[in-house]
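Heads up: the structure comes next, in structure tokens.
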Amino acid sequence: MSRKRPLSTTAQQALSNSDSLFLGTPIADADQNSFTPVWKQEARDERGRKRFHGAFTGGFSAGYFNTVGSKEGWTPSTFKSSRTERAEKKTLRVEDFMDEEDFADQRADEKLVATAAFSAIPQSSSLKDSETGLQEVFRGAAPGTESVGYELLKKMGWKPGFGIGPLKSQVVAGRKVMLPPRADEASSFGVKLARKTNKHGLGYDSDVLSIQSSDQTESARGAWLAPGTISVKKNNGIGVGVVNEYEDGDDEEDPYEIKPIAYDRALGSKKQKPISGGSKHVFVSKTKAKARAAGTITTSKLRRCHDGRPPLAGFVLVVSGSLASSSMLTNEKEYASPSIPETYVPGILILRDPKTVLTPQLIADFERSRKSSSSAQSSSVYHQQRLSAAERSRILGSAQDHLQGKSVFDYMTPEQRERFAKVTGNQALPPAKSEVGPERNSGNRNEAALLELIPTLDKHQASTALSAGFMPYADDHEKRARYIAYLESQSGTGPVSHLLTFMKSSDSDTTAGKLKVEDWMRELKEFNKAAGLFRPLKGMLANRFTSSANTATTKTSVVEDDSTVLLQGASLSKGATDREDVSAAKLGMYGPLTRRVNAWAPSSLLCKRFGVRVPNMSAVEVSSGSEELKASARERLELLSHRTLLNIAKEADMSEEVTKRLESQNVDSGDGSKINVEVNEALEQKKAPRDLFLAVFGDSDEDDEKE
Amino acid sequence: MPFPVYSRNAPLQEHVGPVHVVAYNTTGQYILSGGQDRKIILWNPNSSKLVKSYIAHGYEVLDIAVSYDNAKFVSCGGDRTIYLWDVTSGATIRRFSGHMSRVNTVDFNADASVVASGSYDAKVRLWDTKSSSQRPIQLLEEAKDSISTLQIVGSQIITGSVDGFVRVYDLRMGQLLEDLIGSPVTSIKDSTDGACLLVSTLDSTIRLMDKSNGTMLQTFKGHLNKEYRIRSCFGDNDVYVVSGSEDGKVYAWDMLSGRVVHELKGHGEKVISCVAYHPKKPQMISCGTDGSIQVWDYT
């Protein structure tokens, strides 16, 4: 049911209406019934300044006040009309650009800091060494001033020089007088007011442990301060220190100082200082006196443990070696160690079978074998001698070419030794035995080892190289034979051992046609590389080259045919592979034909995000769709290789000089670039021989050549 | 496990116009859907209720991917921008722009630090969510035509493109494996064991390809997919292969044999563009051009 609400609903009335929901705060009641005409309503800010400046009221000066310009109008303040009176430069300060908020920020950032003269805490830089504790406390902020506390004390009857504390009775001029304590005494408050310049902890008690003898104060700076006997010194009652300290309250000892260890000190080697004083009568309880007599406590110094604290309740400290220690603590008897017979030789008895029973017979055997000092391993026990280094190396099978205790002089002849002695003037050289050193290469070469060193060639590659139309080394038939033998051995059609027949079996072998080992190895490696080159040309490569048999002049045909054939080949092959791909896919033969693997380098950030190590791109295997593409890619680079050039030159029977020049060029791209910075071969080499020039550039009719 | 064949009486109908993508979150408790009406809606499939809607895209929403912690998701669409959203607050955390045409597909990597997006402009851009850079970390430009689908699996980025190639970018090996499928690829899904890929193409065939050597292991036919991007997925731990179709039916095949085991009608014979299978229980969702999202249960 809805009922009509009364016309004027004040806030209170509204709140009392139960069936309406109110959000927010109601407008203040006071202004509800007042009415000001529009022209009277003024806009002012919190400071009471006028705002809007007549912007919305219109009128003649609307848009004039508080805008650009000034009361003087739009003439700038910097303008002065006459020639003689120039306008002064209006230097702008920072304050001109700041508004209310900026000022507020600046005020907030300001901080009031007391200067040194007025600071309550005296600065540490103004420490004075001559001051005692009390003087430091009562020092005022500025030098020469005194703090307020100081003045208060003086008003209360304190005089500088006195300490602070209850009056003590002292004997002055024979009479007992009550005097205030002296300023530097530790008895003021029970706190030392001397300046603390050491690095001890707060509760450090320098009196607990101390070195007894005075000679140690200077010389024992290097000693590990063993806890000597404890002296009872002034009991500060605050705490006990942990480490030893010097006597005389000379707190120079820094417990954290790293001292070198002096090994000439011994524990307990210090003089025992007598108990301090003699004037003090120490009341000792009966039990303690008894215990002292028993030897549990010899002196009052031993009442405490090494760290200065008394032992735990129920425990007593005992001096080792005293009656008490032996009788009270140790229940076991001390046995003497067994006496070792003089004939004893240390040895190790090893049982082959752990289950054998050690009978006296066995032990006798062992003894016998040991005495015979042979490492013969007989029966079930054997004696393991201490092995020497040489024996151990032999057992391990390590290389035996170390010196084994030999010296240079063993290998020298006496004449050489004499020369040495003369030169050095030292006659006391060891005698010379003309021994012969161990030989590295014996006369007969180890066949098996050499066979292993033969560079291997892929079987397929070897057989294709064999079937290649062109065999290298046309001029050296023996070499060619060796090459063929190598290929045969690698393709499996010939024995590998046959290769060894080309090699000199030993240094003394002078058979013609046989090679020294090094040459043989080198040649085999050359064959290995050549086999990679001299394959039958197939695919794209076949298109590029024509063999010399087919054309009249080899040089030109190579140059000409190259470019034209190249283009044809490329497009054809590319089209072929594409279609291969697609056709395979159409047939549904998905697999190597439809798959391409390419190298793709992820960026390092990407790898980092994926949490994967950046892959080593040089190790990535790449395969393109067809063999031909791969082969052609490789061959495209190889065509310009030095070897190929050389062989082309040889094949085409170019002039001797050209081939020699090609050979002499020390360029082998396979080894990587060896760039000699100082020599520039291109500039420094001799000009090409004349006939080459003529062949290339000029004809025989020309008289001069351009140089 | 049984296949969810029963649809609910009342599909989830809130989108106006075709729904392009529907995806479960990692636990399967929520669904996100995006459609032509530029809205992304978060649903609770069990109660069939709308939970939240995310409105910011200027053009249709084409793909959605949820991060591993279900706290964020990323969406892309016709406005060439990728939006990274916070699920609970509904605010857009980041926006990535740089693509030259509509972005067809997005995915997160395992820890949601990288967002990959594939677009009609044939490029895949990899964005960094951790830095505030406007430029992608890397750009993959090998495709010759629109990238229609993308998935990041471990340290591999797998893309499918209209040029008929499936490309696997392997970060660990530093390799790009390109497999020619033959016809435009519309959907790619990696199997749970990471050994095979489910590839949907526009010749109404779904192929199961072996990732290691590119051979085809199985084909799934029977559905119709000639014009539109129809998504397919594995179901029930790779037992089933499920796909939408242009004839208004959801198809399910047995993965090993390749036979059709279910043809489920729904969505009023309109194109069913996307299907998704619950990560744990036998439930699946499908969405289509009729604007509805159907939840399928097995009871």
Side-chain angles (χ1 to χ4, degrees), chain A residues 460 539-540 570-634 636-637, chain B residues 108-116 125-131 133 135-142 152-157 163-183 197 199 201 203 205 207-219:
Chain A
H460 177 69
M540 267 195 80
S571 54
L572 260 179
S573 62
K574 191 170 175 215
T577 48
D578 268 350
R579 270 186 255 130
E580 234 178 67
D581 243 4
V582 174
S583 49
K586 280 204 185 124
L587 290 170
M589 287 167 51
Y590 295 100
L593 285 170
T594 55
R595 172 164 274 216
R596 287 205 293 250
V597 183
N598 292 314
W600 170 71
S603 73
S604 55
L605 176 60
L606 193 66
C607 290
K608 186 174 146 206
R609 290 276 174 260
F610 274 79
V612 159
R613 209 179 287 168
V614 182
N616 182 7
M617 293 316 294
S618 54
V620 170
E621 287 170 23
V622 166
S623 75
S624 46
S626 68
E627 282 292 320
E628 289 166 350
L629 272 176
K630 262 199 290 181
S632 63
R634 253 193 293 140
R636 214 167 289 156
L637 297 171
Chain B
F108 273 113
N109 72 334
D111 63 352
S113 58
V114 171
V115 170
R125 277 166 201 256
L126 302 162
W127 307 92
D128 187 8
T129 57
K130 291 223 168 121
S131 72
S133 165
R135 297 179 68 237
I137 309 171
Q138 196 162 357
L139 195 59
L140 310 176
E141 295 175 291
E142 282 80 8
I152 301 185
V153 179
S155 64
Q156 291 175 337
I157 304 171
D163 65 4
F165 275 92
V166 169
R167 289 178 179 84
V168 180
Y169 295 84
D170 195 329
L171 271 85
R172 213 182 288 270
M173 305 289 291
Q175 276 177 340
L176 158 60
L177 293 135
E178 290 175 304
D179 285 321
L180 175 65
I181 309 293
S183 47
L197 276 178
V199 183
T201 46
D203 54 359
T205 320
R207 293 174 179 80
L208 189 70
M209 309 293 291
D210 187 338
K211 264 210 283 200
S212 55
N213 51 19
T215 50
M216 186 174 71
L217 300 168
Q218 188 60 269
T219 15

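Chain letters run A, B, ... following the sequence lines, proteins first and then strands; every chain starts at 1.
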For a side-chain contact (heavy atoms from CB on, under 4.5 Å) check, start with the C-alpha distance between B:Asp128 and A:Leu605, then their side-chain angles and the critical distance, and finish with the verdict. CA-CA 9 Å; B:Asp128 187 8; A:Leu605 176 60; 4.0 Å; yes

If we only count heavy atoms from C-beta on, is the B:Asp210 to A:Tyr590 side-chain gap below 4.5 Å?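 Heavy-atom side-chain distance check fails, nothing below 4.5 Å.
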
Indicate yes or no: at least one non-hydrogen side-chain atom of B:Asp111 is less than 4.5 angstrom from one of A:Phe610.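 No, side chains not in contact.
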
Less than 4.5 Å to any heavy atom of chain B: does that hold for the side chain of A:Ala599, its backbone, both, or neither?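 Both parts, backbone and side chain.
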
Contacts of B:Phe165 that satisfy ring pair (Phe, Tyr, Trp, His ring centres under 6.0 Å) - sequence neighbours left out: none

Return the minimal non-hydrogen interatomic distance between [X] and [Y], and the atom names on each side.
| X | Y | result |
| --- | --- | --- |
| A:Thr594 | B:Gly214 | OG1-O, 4.2 Å |
| B:Ser113 | A:Arg609 | OG-O, 3.4 Å |
| A:Leu606 | B:Ile137 | N-CG2, 3.7 Å |

Between A:Arg595 (side chain) and B:Ser212 (backbone), is there a donor-acceptor pair under 3.5 Å?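 It does hold such a pair.
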
Of all of B:Thr215, B:Leu176, B:Val114, B:Leu177, which one pairs up most often with chain A through heavy atoms under 4.5 Å apart? B:Leu176

Heavy-atom distances under 4.5 Å only: say whether B:Ile181 touches chain A with side chain, backbone, both or neither. both

In this structure, are over 12 heavy atoms from other groups packed under 6.0 Å from B:Met173 atom CE?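 Open: at most 12 neighbouring heavy atoms sit under 6.0 Å from CE of B:Met173.
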
Please determine whether the number of non-hydrogen atoms from other residues, nucleotides or ligands lying under 6.0 Å from atom CE of A:Met589 exceeds 12. no

Output all residues satisfying side-chain hydrogen bond (donor to acceptor under 3.5 Å, both in side chains) with B:Asp203, sequence neighbours left out; order by chain, then residue number.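 Here the qualifying residues are B:Ser183, B:Thr201, B:Thr205, B:Arg207.
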
Please round to the nearest 0.5 Å and tell me the distance separating atom NZ of A:Lys586 and atom CG of B:Leu180. 10.0 Å

Specify which of A:Gly611, A:Pro615, A:Ser604, A:Ala585 makes the most heavy-atom pairs with chain B at under 4.5 Å.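 That would be A:Pro615.
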
Within the 3.5 Å criterion, strictly below it, is a donor on B:Gln175 or A:Asn598 matched to an acceptor on the partner's side chain?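 On atom types as modelled, these side chains do not qualify, holding no pair under 3.5 Å.
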
